[in-house]
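All remarks here apply to the structure that follows.
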Amino acid sequence: MKRKVKDIIAAALTRAHGAGVLPSPDFPPIEVEEPRIEAHGDFSTNIAMVMASIQKMAPRKIAEGIVGAIDALADPDGLVARTEIAGPGFINFFIAPAAWGPVLEQVHAAGDRYGASSMGGGRKAQVEFVSANPTGPLHVGHGRGAAVGDAVANILAFCGFDVQKEYYINDSGRQIRTLGRSVFLRYKQGLGQGQTFPDDCYQGEYIRELAAAIQEDKGDALLHESEDEAVAYCARRAAAEILSGIQADLKDFGVGFDRWFSEQDLVEEGKVDAAIAELKEKGTVYEKDDALWFRTTDYGDEKDRVVVRGNGQTTYFASDIAYHRDKFDRGFDRVIDVWGADHHGYIPRMSAGVQAMGVDRDRFQVILVHLVNLLRSGQPVAMSTRAGEFVTLREVVDEVGRDAARFLFLTRHYESPLDFDLELAKKKTNDNPVYYVQYVHARIASIFAKGEAMGATPAVRIEAPSPGLLTAAEEIALIKALSRYPEVVENSAALLEPHRLTYFLMSLATLFHAYYNKHRVLTDERDLSQARLYLALAVQSVIRNGLSLLGVSAPEKM
RNA sequence: GCGCCUGUAGCUCAGAUGGAUAGAGCAACGGACUUCUAAUCCGUAGGUCAGGGGUUCGAAUCCCUUCAGGCGUACCA
């Protein structure tokens with residue numbers, strides 16, 4: 001609808017210029033917004049004020065010229081019932097109530113694809129997210145990253161990008177060795193070789209469990225191997241087991257990946273060395289204090305960074321450069337990384353890496369997801385990663401359910417810290433937005449069940465009602481909201497902000513609940529009932545559509 | 001110290017690319033179930049958009065600055 005109003009304005013501008021009312025043919029982009037205040041109409045434009053200096057005319061005078069040019073030629077469908085010039089020069093548009101009808105037809109015609117766009121033009125985009133080290137189970141923070149990454153990927157795919165979802169496994173390097181050492185020490189303790197357990201080892205109970213499993217399997221065999229071999233064995237085995245746990249957790253959270261990318265493979269295939277060689281070739285590295293430094297300051301970083309340490313080992317950063325080299329080699333036009341906010345200092349460095357490889361900097365984007373504060377009835381739940389005491393994603397999902405967890409993770413902008421209250425997440429009331437939205441879907445399903453029992457024909461589902469039946473204020477408000485959906489989806493995609501969709505769904509739900517309480521869908525009048533069923537079905541479709549982009553189910557019954 | 005993020009109603013938060021009189025939920029108070037699911041709705045009340053400058057027809061939004069909080073600032077990952 002907004003699109004059509006823009007077209008009308010554009011036509012009016014041309015006509016006004018042709019009639020000599022507007023001296024200059026130089027028209028700025030037309031912006032149309034929906035005023036907050038109802039009295040200001042359904043849409044309004046500031047075009048007259050923006051053009052004032054170009055046309056060398058007073059804004060209100062220009063507005064008069066434009067309004068005068070809105071005639072049957074500019075508005076062939078007769079959408080505009082009335083216009084007015086207000087304030088410093090706004091033009092307000094009042095849409096004829098009957099003109100909203102076709103929006104519903106569009107919703108029904110497009111079905112599951114309503115709101116989809118070709119914005120991405122089939123370009124390849126990769127979203128890499130979660131990527132937690134396989135040194136321990138996923139916690140709630142990872143859950144938020146998973147919910148955000150998955151939703152962003154879904155939204156981009158819906159907007160015409162060819163999206164691939166990837167998980168990067170840090171299965172090489174020091175943390176994995178520490179994992180092996182931790183497990184081996186617990187293993188030795190289990191066999192009575194009790195030594196002190198260092199602070200820099202992983203403290204969690206799961207380490208003991210892994211050690212116990214190894215003991216059960218291998219007895220004391222590892223004690224007869226060299227320590228290096230034993231630690232390496234523990235590391236390999238523990239990492240594999242933890243990783244399969246992570247994979248199961250994500251699967252049960254409804255998050256799937258197209259590819260699990262191993263850092264170890266990257267190293268073994270020589271891609272890390274190749275990346276370093278490429279940097280050398282390009283002359284962006286230098287040696288200092290036995291180490292090899294990458295001149296990231298050339299790309300805006302605050303200091304240069306080491307890629308090869310004095311001891312000859314490559315850094316994590318070196319792997320990451322190689323990894324991103326590989327991503328772009330795989331043909332992605334856009335690479336989007338979802339990181340925990342504590343890694344924000346890493347962005348300039350990674351961006352430097354990408355640019356040094358000759359990739360345009362805006363093809364690489366990072367979404368920083370801020371932390372989750374876990375609460376229970378308003379009280380913080382003690383969490384200490386240090387002591388290995390943290391609440392896992394699985395525990396949370398088991399307690400509150402997958403839909404609640406996923407939806408609540410998306411109720412904030414990801415750069416805002418999120419309070420996640422376990423008790424609130426379980427509540428089945430107004431306080432809990434998940435059920436509030438899902439309830440609309442179930443309610444409408446229930447109306448249809450009732451309608452069929454009353455003998456409403458299936459035809460109501462596909463036939464557009466005759467115009468003029470859906471004129472209640474609540475009905476127009478619902479249709480307006482539905483007409484905004486495609487724009488909300490596009491904005492979500494353009495800004496990589498799924499919470500916009502979450503908020504849209506909550507406000508659509510509010511409108512429907514209000515409508516439901518005020519009007520009956522199933523009435524004695526057949527035509528009216530059909531019209532309202534047609535509207536209700538459109539609302540249900542958009543709710544389902546939006547929830548599915550967020551990875552949340554749309555139940556028929558609650 | 002430097003860098004990034006945040007600061008909007010008592011609480012939790014929306015307000016992309018500058019628009020008219022600042023938005024929602026919760027909490028508080030008062031109402032609505034013989035009805036298609038009350039997991040709902042309606043109403044009342046609540047504000048120096050952290051403070052101060054600037055840019056312009058117009059600023060929560062852009063710029064500068066002060067303050068407060070969070071995070072980062074490794075030859076760790």
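Proteins come first, then strands; the chains are lettered A, B, ... in the order of their sequence lines, and each starts at number 1. All values derive from a computational prediction rather than experimental measurement.
Contact check, A:Y436 against B:A24: no side-chain N or O comes under 4.0 Å of OP1 or OP2. Proximity of A:H499 to the phosphate of B:G15: a side-chain N or O atom is located under 4.0 Å from OP1 or OP2. Under 4.0 angstrom from either OP1 or OP2 of B:A38 there lies at least one side-chain N or O belonging to A:R443. Distances shown here put every side-chain N or O of A:K428 at or beyond 4.0 Å from the OP1 or OP2 atom of B:A39. Regarding contacts with the backbone of B:A38, a side-chain N or O of A:Y516 is found under 4.0 angstrom from either OP1 or OP2. Applying the 4.0 Å criterion to OP1 and OP2 of B:U73, one finds that A:R349 has every side-chain N and O outside that range.
Distance noted for atom C1' between B:U17 and B:U21: 24 Å (whole Å). Between B:G23 and B:U8, the two C1' atoms lie 10 Å apart (nearest whole Å). For the P atoms, the distance from B:G25 to B:U44 is 12 Å, rounded to whole Å. Comparing the C1' positions of B:U66 and B:G19 gives an interatomic distance of 29 Å, to the nearest angstrom. B:G70 and B:U55 have their P atoms separated by 35 Å, given to the nearest Å. Here, B:G15 and B:G53 have their P atoms 28 Å apart, quoted to the whole Å. B:A22 and B:C26 are spaced 23 Å apart, taking the P atom of each and rounding to whole Å. Annotation: B:G46 and B:G10 have their C1' atoms spaced 9 Å apart (nearest Å).
If you check B:C36, B:A20, B:A77 against the side chain of A:P35, the one that comes closest is B:A20. For A:N517, taking side-chain heavy atoms from C-beta onward, the closest of the listed nucleotides B:A20, B:U40, B:A39 is B:U40. Of the candidate nucleotides B:C41, B:U73, B:C13, B:C13 has the atom lying nearest to any side-chain atom of A:Y503. Here the side chain of A:E415 is nearest to one of B:U6, B:A39, B:C36, namely B:U6. Set against B:U73, B:C36, B:A77, the side chain of A:E302 has B:U73 as its closest nucleotide. Distances were taken from every side-chain heavy atom of A:K303 (C-beta onward) to each of B:C36, B:A74, B:G19; the shortest belongs to B:A74. Which of B:A77, B:C5, B:C75 sits closest to the side chain of A:N133 comes down to B:A77. When distances run from any side-chain atom of A:F90 to the nucleotides B:G19, B:G72, B:A16, the shortest one goes to B:G19. Listed candidates were B:A16, B:A14, B:C75. Nearest to the side chain of A:D289 is B:C75. Side-chain proximity of A:D419 to the nucleotides B:A77, B:G19, B:C13 is greatest for B:C13.
Residue-level contact check: A:A514 touches the backbone only, with heavy atoms under 4.0 Å from sugar-phosphate atoms and none from bases. If you check every strand for non-hydrogen atoms under 4.0 Å, A:A442 touches a base. Residue A:P59 is classed as having no contact, given no heavy-atom separation below 4.0 Å to the nucleic acid. Base engagement by A:H519 is indicated by at least one non-hydrogen atom pair under 4.0 Å involving a base atom. Among the protein residues, A:S416 comes within range of the sugar-phosphate backbone only, with heavy atoms under 4.0 Å from sugar or phosphate atoms but none that close to a base.
Atom C1' of nucleotide B:G15 and atom CD of A:E34 are separated by 14 Å, given to the nearest angstrom. We find that CG of A:D290 is positioned 14 Å from P of B:C75, with the value rounded to whole Å. Per the geometry, NE2 belonging to A:H370 stands 11 Å off P belonging to B:C71, to the nearest Å.
A side-chain donor-acceptor contact under 3.5 Å links A:Q355 and A:S351. Remark: the A:Q175 side chain and the A:Y316 side chain contain no N/O donor-acceptor pair separated by less than 3.5 Å. Defined by atom type and a distance below 3.5 Å, a donor-acceptor pair is missing between the side-chain atoms of A:Y168 and A:D337. Side chains of A:Y515 and A:E475: a donor on one and an acceptor on the other come within 3.5 Å.
The base-pairing partner of B:A68, taking Watson-Crick or G-U wobble contacts with both distances under 3.5 Å, is B:U6. B:C36 is unpaired under the Watson-Crick or G-U wobble criterion, no partner having all donor-acceptor distances under 3.5 Å. B:A28 is paired with B:U44 under the criterion used here, namely a Watson-Crick or G-U wobble arrangement in which both key atom distances are under 3.5 Å. For B:G58, there is no paired nucleotide, since no Watson-Crick or G-U wobble pair has both relevant distances below 3.5 Å. When both distances must be under 3.5 Å, the Watson-Crick or G-U wobble mate of B:G1 is B:U73. Base pairing of B:U17 is not made with any nucleotide, judged by Watson-Crick or G-U wobble geometry with both donor-acceptor distances under 3.5 Å.
Between the side chain of A:N170 and the base of B:A77, no donor-acceptor pair of N or O atoms lies under 3.5 Å. Side-chain atoms of A:D342 and base atoms of B:A77 include no donor and acceptor less than 3.5 Å apart. With hydrogens and angles ignored, no donor-acceptor pair under 3.5 angstrom links the side chain of A:H513 to the base of B:C41. Judged by distance alone, with hydrogens and angles left aside, A:S44 brings a side-chain donor or acceptor within reach of the base of B:A20, the pair sitting under 3.5 Å.
Place A:V306 and A:R520 on RNA chain B by their nearest nucleotides, and A:R520 ends up nearer the 5' end. Of the residues near RNA chain B, A:E31 and A:K557, the one whose nearest nucleotide (by heavy atom distance) lies more toward the 5' end is A:E31.
Ring stacking is absent between A:H344 and B:G72, as the pair misses the limits of under 5.5 Å between centres and under 30 degrees between planes.
Its glycosidic angle being within 90° of 0, B:C33 falls on the syn side.
When each of A:L371, A:V372, A:I367 is tested with A:V369 by the rule side chain to side chain contact (heavy atoms under 4.5 Å, CB included), just one qualifies, namely A:I367.
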May I have the step-by-step check of ring-ring contact (aromatic ring centres under 6.0 Å, His included) for A:H40 and A:F90, ending in yes or no? CA-CA 9 Å; A:H40 292 162; A:F90 290 101; 7.6 Å; no
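Side-chain contact between A:M51 and A:I66: present, with at least one pair of heavy atoms (C-beta onward) separated by less than 4.5 Å.
Residues passing the side-chain contact (heavy atoms from CB on, under 4.5 Å) test with A:A318, sequence neighbours excluded: A:V272, A:I276, A:V307, A:T314, A:T315.
A cation-pi arrangement is present between A:R443 and A:Y516, with the terminal nitrogen or guanidinium carbon under 6.0 Å from the aromatic centre and inside a 45° cone about the axis.
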